[in-house]
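A short worksheet on the structure shown next.
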Number of protein chains: 2
Amino acid sequence: MTIKISIDCMGGDHGPSVTVPAAISFANREPEVELVLVGLEEKIRAELKKHKVITHPRLSVLHASEVVTMDDSIETALRRKKDSSMRLAINLVKDGQAHACVSAGNTGALMAVSRYLLKTIPGVDRPAICTILPNQKDGPTYMLDLGANVDCEPEHLHQFALMGSALVSAMEGKSRPTVGLLNVGEEDIKGNEVVKHTAELLRADHEKGILNFYGNVEGNDIFEGTTDIVVCDGFVGNVTLKASEGLGRFVKKVLTTEFKSGILNMLGALIARGAIKAISRRLNPSRYNGASLLGLRGLVFKSHGGADAYGYEWAIRRAFDAAKYDVLSRIATTIADLMPQAEVSAKHAEVAAGGVEGKIIVNESTQQKTA
Amino acid sequence: MTIKISIDCMGGDHGPSVTVPAAISFANREPEVELVLVGLEEKIRAELKKHKVITHPRLSVLHASEVVTMDDSIETALRRKKDSSMRLAINLVKDGQAHACVSAGNTGALMAVSRYLLKTIPGVDRPAICTILPNQKDGPTYMLDLGANVDCEPEHLHQFALMGSALVSAMEGKSRPTVGLLNVGEEDIKGNEVVKHTAELLRADHEKGILNFYGNVEGNDIFEGTTDIVVCDGFVGNVTLKASEGLGRFVKKVLTTEFKSGILNMLGALIARGAIKAISRRLNPSRYNGASLLGLRGLVFKSHGGADAYGYEWAIRRAFDAAKYDVLSRIATTIADLMPQAEVSAKHAEVAAGGVEGKIIVNESTQQKTA
């Protein structure tokens with residue numbers, strides 16, 4: 001089965017100079033993908049040409065006349081820039097012409113436009129952002145929410161746990177992934193009222209066999225890999241993620257400075273270049289790029305705004321895997337089965353997600369051509 | 001001037017085997033300090049003997065018959081173990097027989113007992129825990145709160161900012177240290193209601209010249225050193241700190257594994273051992289050990305429970321510096337000057353803090369002897 005993914009080529013700090021080479025590389029690596037490059041056609045074609053791609057059987061271009069910048073307000077993205085690359089890329093998912101969308105654009109705008117166009121899955125009050133982080137067990141830790149919801153009620157955190165569980169189950173092939181609730185201590189009495197009440201909801205699910213709830217986890221457990229999923233509100237998640245990124249850059253700077261200070265250190269580094277390469281690979285945040293916007297009736301992946309082509313390709317890979325493993329209908333089914341309020345069946349979301357048919361036809365005359 | 005510090009020798013994961021050698025080392029290094037080793041006398045003396053210290057002019061022992069364990073509830077620490085090493089150590093500060101106290105014990109118990117015995121500074125509703133973290137500018141970033149207050153109102157965060165500012169001003173000799181408010185974005189519109197309202201309070205102080213408020217900062221700014229102080233609630237601070245510790249251990253494991261994999265890497269590491277030593281030193285969390293409990297009428301420092309002797313010595317060093325630089329009365333004065341509700345003058349706190357006189361006399365017959 002061919003997976004079609006729309007790429008918002010204009011998003012992020014670097015635009016087409018990162019998104020286009022990442023798309024070319026991924027298309028060449030993965031024969032089962034078709035990518036639609038959405039954005040200012042002239043710029044995308046120039047970038048394709050730079051990489052000597054004049055035509056490609058699985059790359060096409062869809063012109064969008066506007067760009068949502070990193071500084072644009074949600075209002076601007078939603079109401080004014082109706083022909084933005086971000087919006088058209090998401091629209092392809094909505095119209096069933098792409099299985100998933102990837103964008104490195106402004107997170108707030110991406111969430112707002114996605115939510116406006118795709119709507120939420122029945123039973124989900126608020127979508128959440130979920131990413132993966134490396135851990136000591138050499139596996140990924142999935143963490144959500146990362147900033148879509150700065151204030152959460154226990155019901156929201158409960159839904160995040162269910163969505164995260166469905167996501168990991170699909171992506172990692174784990175039938176009962178463990179869920180940890182991020183807190184300031186392991187004991188039940190720790191934390192604020194929201195967290196304590198959330199724990200009760202998750203424990204009840206655990207007792208019913210619905211969720212594999214480990215209990216409270218602390219900040220260090222994220223990188224220790226204590227649980228497959230770590231659930232928290234978007235404020236805590238966002239700060240923790242960015243602090244980790246900041247610490248990662250600090251460590252990188254210390255390593256670089258010290259191995260370049262003096263001839264002996266440089267020589268040692270040269271001899272141990274295998275180790276240094278392995279360290280650099282294992283600690284490279286680009287490998288963990290690509291956060292999913294969960295809870296929408298369509299797959300949307302957010303790349304880090306500053307990602308390089310290598311990192312952006314990882315975000316495309318995640319979107320591809322999510323479509324391939326049918327994450328969307330698995331989440332919809334989980335939510336529909338488990339949440340009493342989700343009376344509407346998961347069918348709706350399945351239809352919205354799975355119905356990619358035939359070719360993308362959008363003003364073929366000028367807007368869309370095979371690259 | 002001699003600074004007297006009481007050491008809760010029984011606290012932490014390792015007890016006297018860490019606290020006693022740290023105390024000996026610090027006393028030998030710092031001629032202006034006198035340390036009172038509080039705890040089970042027999043164990044402390046055995047440890048002193050192990051380090052060939054039979055008598056020391058600036059080390060004394062105060063017997064305490066009970067120990068607050070890491071698992072003890074606050075209730076137990078407060079109401080039942082009235083002869084605990086933790087309590088007696090804090091009591092020395094209360095009674096003016098020590099300038100500061102250091103403990104690696106259970107944070108919740110330490111805060112509760114400290115607060116019960118010492119009370120808060122007039123104008124401070126809630127004490128906070130403040131630690132330092134390394135940053136890319138090679139200076140420390142002071143961060144508070146780290147877990148004493150899981151739910152905060154804007155007034156509390158406002159007080160944390162004032163206390164942090166007074167602390168940094170005293171400890172680092174900076175007249176106008178910068179204060180950042182931890183948030184999910186830099187823009188004023190970002191964050192939850194508590195953070196937005198706090199920003200208004202801090203901006204008002206900034207306009208009056210009371211505080212050097214930088215504005216919102218994000219997680220990465222902690223390690224980039226964007227501001228001298230980062231203010232947040234105890235939930236966010238605790239999770240962020242522990243996540244950073246977890247990531248630090250993950251990085252350490254990756255480095256160790258890779259430099260030990262294969263003869264070439266081991267050889268390179270040997271040749272570049274200068275760099276590896278420098279990296280290990282710069283990234284060693286022990287150097288940042290020693291968090292202050294701010295807002296109390298006495299100086300109490302918390303060491304990490306798992307700290308080694310090197311790390312514990314850093315915590316003693318911080319307590320020593322705080323007493324030397326008169327942190328307590330500077331905080332009291334700042335709060336009294338700036339908070340309209342702090343009508344009581346800072347005098348009270350100054351008296352409580354500064355009045356260490358003469359020798360420590362506590363049941364000289366058996367309980368306290370010069371080691």
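Computed from a predicted structure; not experimentally measured. Values reported hereafter were calculated over all heavy atoms of this structure, with side chains retained and with hydrogens, waters and symmetry mates removed. Below, chains carry the letters A, B, ... as their sequence lines are ordered, and counting in each starts from 1.
Across B:Asp151, B:Val184, B:Val194, B:Thr240, the residue that shares the most heavy-atom pairs under 4.5 angstrom with chain A is B:Val184. Counting heavy-atom pairs closer than 4.5 Å to chain A, the top residue among B:Leu270, B:Leu247, B:Val239, B:Val251 is B:Leu247. Contact count against chain B (heavy-atom pairs under 4.5 Å) is highest for A:Arg249 among A:Met266, A:Glu245, A:Arg249. Of the listed residues (B:Ala272, B:Cys232, B:Gly246), the one with the most heavy-atom contacts under 4.5 Å to chain A is B:Ala272. Contact tally against chain A (heavy-atom pairs below 4.5 Å) for B:Ile222, B:Leu267, B:Leu146, B:Leu255: the top residue is B:Leu255.
Within the 4.5 angstrom heavy-atom criterion, atoms from both the backbone and the side chain of B:Leu264 approach chain A. For B:Ser244, the parts lying near chain A are the backbone and the side chain together; criterion is any non-hydrogen pair under 4.5 Å. For a residue to count as touching a neighbouring chain, one of its non-hydrogen atoms must lie under 4.5 Å from one of that chain's; by this rule B:Gln136 touches chain A with backbone and side chain alike. Neither the backbone nor the side chain of B:Asp233 comes within less than 4.5 Å of any heavy atom in chain A.
B:Asp72 places no side-chain N or O within donor-acceptor distance of the main-chain N or O of B:Thr76, the cut-off being under 3.5 Å.
Atom CZ of B:Phe250 sits about 6.0 Å away from atom CG of A:Leu283, to the nearest 0.5 Å.
Side-chain contact, B:Lys196 with B:Asn192: no donor N or O sits under 3.5 Å from an acceptor N or O. Defined by atom type and a distance below 3.5 Å, a donor-acceptor pair is missing between the side-chain atoms of B:Glu218 and B:Asn183. Of the N and O atoms on the side chains of B:Ser286 and B:Asn284, at least one donor lies less than 3.5 Å from an acceptor on the other residue.
Side-chain contact between B:Leu133 and B:Phe223: present, with at least one pair of heavy atoms (C-beta onward) separated by less than 4.5 Å. In this structure, the side chains of A:His158 and A:Leu202 come closer than 4.5 Å at one or more pairs of heavy atoms.
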